[in-house]
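Structure, as structure tokens:
Everything numeric in this text was worked out from a predicted model, so none of it was measured. Heavy atoms only: backbone and side chains are in, while hydrogens, waters and symmetry mates are out.
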Amino acid sequence: MKIILLGPPGAGKGTQAAMLVERYGIPQISTGDMLRLAVTAKSPMGVKAKEYMDAGNLVPDEVVVGIVRERLQEDDCAAGFILDGFPRTILQADALNEVLSDLHKQLDAVISLQVEIESLVVRLTGRRSCLNCGKGFHLQYDPPAADGSCTVCGGELMQRDDDCEETIRNRMEVYQQQTAPLEDYYRKQDLLTVVDGMAEIPVVQETIVTALQGC
Ligand code: AP5
Ligand code: MG
């Protein structure tokens with residue numbers, strides 16, 4: 001199964017992708033997570049990417065396309081993958097088509113999560129993730145342990161640098177301008193399913209799984 005999760009910042013792409021990984025045994029490919037690892041490692045690419053990410057802008061297409069091209073060739077992608085946060089521009093979508101064609105693969109579905117803007121801000125300002133295992137939480141909707149630690153490994157939780165309100169608003173703007181046109185792009189290819197992302201996390205998951213039946 002080869003799928004894309006599309007949706008604005010905070011729509012639940014990462015949350016849903018992690019659950020789909022468990023269910024289908026295929027990897028989540030999150031360009032955001034990969035870039036954050038590069039930033040933490042202070043690699044040349046990470047140093048370059050950090051200024052874009054801190055401002056809530058997109059990292060240049062050629063950087064991100066290069067990362068995804070390499071990742072899709074790894075063995076664990078043979079049976080499929082879940083792209084989370086990629087593609088984000090028409091140029092990236094065209095590049096993905098080329099990469100998949102080179103690998104003799106085809107997308108099965110594109111799921112677009114729809115969530116109201118003000119809910120996105122609440123979700124992102126309340127988001128936390130485990131420094132140790134990466135599990136995501138929300139202070140209200142998916143809370144950590146009573147002492148504020150990770151429910152899986154007991155690790156300390158952190159807040160992303162780009163989850164402050166000003167940067168969140170810019171990320172939303174960037175999404176509308178550069179990424180939202182991908183809905184039409186994939187609708188024309190008859191790959192798009194729009195999913196109500198306002199429902200509770202398990203309900204959204206079941207809607208996605210139903211949409212993926214037959215893929
Ligand atoms: P990225 O990491 O991809 O961030 P994003 O797209 O802004 O999306 P988020 O990760 O913030 O949200 P999400 O949809 O994953 O939501 P989540 O599941 O965590 O990218 C970060 C940056 O990297 C970009 O700004 C850019 O600079 C760069 N970048 C990345 N990819 C790039 C690309 N392809 N090209 C160029 N630059 C790129 O959920 C959010 C919160 O809500 C959580 O707390 C969760 O618990 C909660 N929640 C989830 N679902 C629900 C629900 N149904 N109800 C209630 N709460 C919920
Ligand atoms: Mg995410």
Worksheet item: Which one of Asp84, Ile26, Ile82 satisfies the side-chain contact (heavy atoms from CB on, under 4.5 Å) criterion with Val21?
Response: Ile82
Practice prompt. Of all the heavy-atom pairs spanning Asn132 and Gly155, show the shortest one and how long it is.
Written response: CB-CA, 4.3 Å
Practice prompt. Without swapping roles, check the side chain of Lys50 against the backbone of Ala38 for a donor-acceptor pair under 3.5 Å.
Written response: no
Practice prompt. Verify, without hydrogens or angle tests, whether Arg127 (side chain) and Gly10 (backbone) share a donor-acceptor contact under 3.5 angstrom.
Written response: no
Practice prompt. Scan residues 112-147 for pairs that pass ring-ring contact (aromatic ring centres under 6.0 Å, His included), counting only residues two or more places apart or in two chains.
Written response: His138-Tyr141
Worksheet item: Can you tell me how far SG of Cys77 sits from CG of Leu72, rounded to the nearest 0.5 angstrom?
Response: 5.5 Å
Item to complete: Could you work out the complete set of other residues in the hydrophobic cluster of Val115, with links drawn between I, L, V, M, F, W and Y side chains under 4.5 Å apart?
Response: Leu120, Val121, Leu124, Ile168, Met172, Met198
Worksheet item: Does Gln159 reach the main-chain N or O of Thr125 with its side chain, forming a donor-acceptor pair under 3.5 Å?
Response: yes
Worksheet entry | Stepwise salt bridge (charged side-chain N to carboxylate O under 4.0 Å, His left out) test for Glu173 and Arg169 | CA-CA 6 Å; Glu173 190 75 31; Arg169 299 268 175 204; over 6 Å; no
Discussion item. With a 4.5 Å cut-off on side-chain heavy-atom distances among I, L, V, M, F, W and Y, is there a chain of contacts connecting Ile3 to Met34?
Written reply: no
Worksheet item: Do other residues, nucleotides or ligands put more than 12 heavy atoms under 6.0 Å from Gln114 CD?
Response: yes
Worksheet entry | Pairs flagged by salt bridge (charged side-chain N to carboxylate O under 4.0 Å, His left out) wherever residues 22-34 is involved - sequence neighbours left out | Arg23-Glu206, Asp33-Arg36
Practice prompt. Tell me who clusters with Val174, hydrophobic residues only, linked when side chains sit under 4.5 Å apart either directly or through other members.
Written response: Leu58
Practice prompt. Return each pair, listed once, that meets side-chain hydrogen bond (donor to acceptor under 3.5 Å, both in side chains) where at least one residue sits in residues 99-111; pairs must be two or more places apart or across chains.
Written response: none
Practice prompt. Could you pull out all residues at least two apart from Ala55 that satisfy side chain to side chain contact (heavy atoms under 4.5 Å, CB included)?
Written response: Asn57
Practice prompt. Tell me whether Met53 is reachable from Val47 by hopping between hydrophobic residues (I, L, V, M, F, W, Y) whose side-chain heavy atoms are closer than 4.5 Å.
Written response: no
Response to the item:
Separation between CG (Leu139) and CZ (Arg123), nearest 0.5 Å, reads 14.0 Å
Discussion item. Is it true that, when you exclude Gln189 itself, more than 12 heavy atoms of the residues, nucleotides or ligands shown sit nearer than 6.0 Å to its CD?
Written reply: yes
Worksheet item: So which residues get pulled into Met19's cluster when ILVMFWY side chains under 4.5 Å apart are joined, directly or through others?
Response: Ile201
Practice prompt. Scan Leu192, Leu191, Leu96 and name whichever one has a side-chain contact (heavy atoms from CB on, under 4.5 Å) with Ile4.
Written response: Leu96
Discussion item. Which residue in the set Val194, Ile208, Leu6, Thr207 passes side-chain contact (heavy atoms from CB on, under 4.5 Å) when paired with Leu113?
Written reply: Ile208
Discussion item. Using every non-hydrogen atom in the two residues, find where Leu157 and Pro144 come nearest and quote the distance to one decimal.
Written reply: CD1-CB, 3.4 Å
Item to complete: Could you list the residues that satisfy side chain to side chain contact (heavy atoms under 4.5 Å, CB included) with Glu200, not counting sequence neighbours?
Response: Pro202, Val203
Discussion item. Check for me, please, whether Met1 and Val110 land in the same ILVMFWY cluster - side-chain distances under 4.5 Å, paths through other members count.
Written reply: no
Worksheet item: Is there a donor in the side chain of Asp61 and an acceptor in the side chain of Thr89, or the other way round, less than 3.5 Å apart?
Response: yes
Worksheet, complete the sentence: Taking every heavy atom of Ser129 against every heavy atom of Gly134, the minimum-distance pair comes out as CB-O, 4.1 Å
Discussion item. With clusters defined by side-chain heavy atoms of hydrophobic residues (ILVMFWY) lying less than 4.5 Å apart, directly or transitively, does Leu103 cluster with Phe81?
Written reply: yes
Response to the item:
Across all chains, not counting sequence neighbours, the side chain to side chain donor-acceptor pair (under 3.5 Å) partners of Asp75 are none
Worksheet, complete the sentence: Nearest heavy-atom approach of Ser112 to Glu183 is OG-OE2, 2.6 Å
Fill in: side chain to side chain contact (heavy atoms under 4.5 Å, CB included) involving Ile90 - partner list, sequence neighbours excluded
Asp94, Pro181, Leu182, Tyr185
Worksheet item: Charged N to carboxylate O below 4.0 Å: is that the case for Arg171 and Asp163?
Response: yes
Discussion item. Would you say CD of Glu156 has more than 12 non-hydrogen atoms from neighbouring residues, nucleotides or ligands within 6.0 angstrom?
Written reply: no
Item to complete: Report yes or no: does Lys135 contribute a side-chain atom to a donor-acceptor pair with the main-chain N or O of Cys150 at less than 3.5 Å?
Response: no
Worksheet item: Would Arg160 and Asp54 count as a salt bridge (charged side-chain N to carboxylate O under 4.0 Å, His left out) if you check the C-alpha gap in whole Å, the side-chain angles of each, and the deciding distance to 0.1 Å?
Response: CA-CA 10 Å; Arg160 264 168 54 175; Asp54 283 350; over 6 Å; no
Discussion item. Is any side-chain heavy atom of Tyr52 closer than 4.5 Å to one of Leu35?
Written reply: no
Practice prompt. Supply the atom-to-atom distance Leu20 CG to Leu5 CG, rounded to the nearest 0.5 angstrom.
Written response: 6.0 Å
Discussion item. Ala211: which residues meet the side chain to side chain contact (heavy atoms under 4.5 Å, CB included) condition with it, sequence neighbours left out?
Written reply: Ile111, Thr193
Fill in: Partners passing side chain to side chain donor-acceptor pair (under 3.5 Å) against Glu74 (at least two apart in sequence or in another chain)
Arg71
Practice prompt. Could you state whether Leu212 and Leu100 fall into the same hydrophobic cluster, counting links through intermediate Ile, Leu, Val, Met, Phe, Trp or Tyr residues with side-chain heavy atoms under 4.5 angstrom apart?
Written response: no
Practice prompt. Indicate yes or no for a side-chain donor-acceptor contact from Gln92 to the backbone of Arg88 under 3.5 Å, with no hydrogens or angles considered.
Written response: yes
Worksheet item: So, the side chain of Thr31 versus the backbone of Gly85: is there a donor-acceptor pair under 3.5 Å, distance only?
Response: yes
Worksheet item: With a 4.5 Å heavy-atom cut-off, do Met45 and Val59 have their side chains touching?
Response: no
Fill in: Contact summary for Ala93 and Tyr186, nearest pair of heavy atoms
CB-OH, 3.5 Å
